[in-house]
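Only one structure is covered here, and it is reproduced in the block below.
Worth knowing before you read on, the calculation uses all heavy atoms, side chains too, and leaves out hydrogens, waters and symmetry mates. In what follows, chains carry the letters A, B, and so on, assigned in the order in which the sequence lines appear, proteins first and then strands, with residues in each chain numbered from 1.
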Protein chains: 2
Amino acid sequence: MAVKNNYVCSLGLTIDLIGGKWKLMILWYLIKDSKRFGELKKSIPNISQKVLTEQLKELESSQIISRKVYPTVPVTVEYSMTAYGESLIPLIHDLCEWTKQYASENDIEISGD
Amino acid sequence: MAVKNNYVCSLGLTIDLIGGKWKLMILWYLIKDSKRFGELKKSIPNISQKVLTEQLKELESSQIISRKVYPTVPVTVEYSMTAYGESLIPLIHDLCEWTKQYASENDIEISGD
DNA sequence: TGGTATAGTTACGAAAAAGTGACTACGAAA
DNA sequence: TTTCGTAGTCACTTTTTCGTAACTATACCA
């Protein structure tokens with residue numbers, strides 16, 4: 001799911017940028033606040049450490065989030081939204097609302113956000 | 001990517017409903033007009049027949065698109081947006097616009113829509 | 001009788017994504 | 001000197017998704 005440099009349709013790029021099983025969810029947890037790796041790990045249900053690091057790297061390399069290392073002991077790493085990430089927030093909200101509506105009309109239970 | 005009946009986060013459901021490599025793109029081509037199977041196949045670059053039928057079935061079963069069979073010879077099948085699909089159009093547009101903006105700022109070429 | 005067109009299905013394999021568990025580096029504290 | 005906590009990495013397996021090619025059904029038409 002690495003970003004290429006040409007697409008036949010913009011939605012193809014959309015999918016590469018924020019598609020996949022986890023990226024939207026990761027972004028969701030960063031909307032409210034920047035978070036450390038461990039906090040994200042704890043917040044996001046069932047995500048594995050490996051996948052979390054992978055997805056964070058991809059989101060970072062596409063400039064949607066940024067990664068800041070603090071030289072504490074042990075090191076802490078903070079992830080936060082960049083300007084691109086911020087510009088995505090309303091869209092994520094809309095998707096979320098649309099989905100909640102869908103869920104409620106179709107008796108699908110959503111236990112978290 | 002079948003829709004389950006409970007989720008810990010609404011975005012998990014979002015992904016099941018319209019995530020994956022092809023669903024958004026299929027919907028994109030249905031925004032303008034309803035289309036027959038063959039037209040979709042021709043319009044969507046590089047999609048295989050198998051994947052197209054699979055994805056159409058999933059979108060139909062989640063009531064985002066509808067399928068109508070015309071008893072012509074040979075049969076023609078027309079796919080179109082349902083009310084759910086229609087309600088998704090502005091979100092798809094927004095995603096598309098966001099992505100185009102992203103692409104233009106990052107020298108990513110988009111040859112089609 | 002054979003060819004054409006639409007809209008599929010089916011079997012198979014390849015590739016991509018995700019999951020698991022063990023491992024590393026760092027320095028502080030016990 | 002061993003243990004702890006953060007933030008990973010690495011090798012491996014499983015699962016999911018995607019792609020290819022061949023096949024089906026139907027009925028018209030030549």
Within this structure, what is the CD-to-C1' distance between A:Q49 and C:dA18, rounded to whole angstrom? 15 Å
Nearest whole angstrom, please: distance from the P of C:dT6 to the CD of B:E78. 15 Å
Aromatic contact between B:H93 and B:W98, with the criterion being ring centroids under 6.0 Å apart: yes or no? no
Does B:K21 make a side-chain N or O approach to OP1 or OP2 of D:dG19 shorter than 4.0 Å? yes
Identify, between A:V77 and B:E54, the residue whose nearest nucleotide on DNA chain D lies closer to the 5' end. A:V77
Under 4.0 Å between a side-chain N/O of A:R36 and OP1 or OP2 of D:dG8, yes or no? no
Parallel, tilted or perpendicular: which one describes the rings of A:Y79 and A:F37, with boundaries at 30° and 60°? tilted
Side-chain N or O of A:K57 closer than 4.0 Å to phosphate OP1/OP2 of D:dA7: no
Any strand, both distances under 3.5 Å, Watson-Crick or G-U wobble: C:dA30 pairs with D:dT1
Verify the cluster assignment for B:V3 and B:V8: are they in a single hydrophobic cluster under the rule of side-chain heavy atoms below 4.5 Å apart? no
Which part of the nucleic acid, if any, lies within contact of A:S48, taking any heavy atom under 4.0 Å across all strands shown: a base, the sugar-phosphate backbone alone, or nothing? base
When you measure from the side chain of A:T76, which nucleotide among C:dT6, D:dA7, D:dT9 comes out closest? D:dA7
Whole angstrom value for the distance that separates C1' of D:dC18 from CG of B:L52: 13 Å
Under 3.5 Å, is there a donor-acceptor pair linking the side chains of B:T99 and A:T14? yes
Please classify the nucleic acid contact of B:Q55 as base, sugar-phosphate, or nothing, using heavy-atom distances under 4.0 Å. sugar-phosphate
Here the distance between atom P of C:dA7 and atom CD1 of B:I44, to the nearest Å, is 13 Å
Nearest-neighbour nucleotide for the B:P74 side chain, D:dA7, C:dA5, C:dA7 considered: C:dA5
Tell me the interatomic distance from A:K42, atom NZ, to D:dA7, atom C1', rounded to whole angstroms. 12 Å
Answer yes or no: does a side-chain N or O of B:K41 lie under 4.0 Å from OP1 or OP2 of C:dT6? no
Spacing between A:E60 atom CD and D:dG8 atom P, to the nearest angstrom: 9 Å
A:L56 atom CG is separated from D:dT6 atom P, nearest whole Å, by 16 Å
Is there a donor in the side chain of A:E97 and an acceptor in the side chain of A:Q101, or the other way round, less than 3.5 Å apart? no
Which whole-number value in Å describes the distance from B:E58 CD to C:dG8 P? 15 Å
Would you indicate what A:K50 reaches in the nucleic acid, counting non-hydrogen atoms under 4.0 angstrom: base, sugar-phosphate, or nothing? base
Measure from the side chain of B:Y79, starting at C-beta and using heavy atoms only, and say which of D:dA7, D:dG8, C:dG8 lies closest. C:dG8
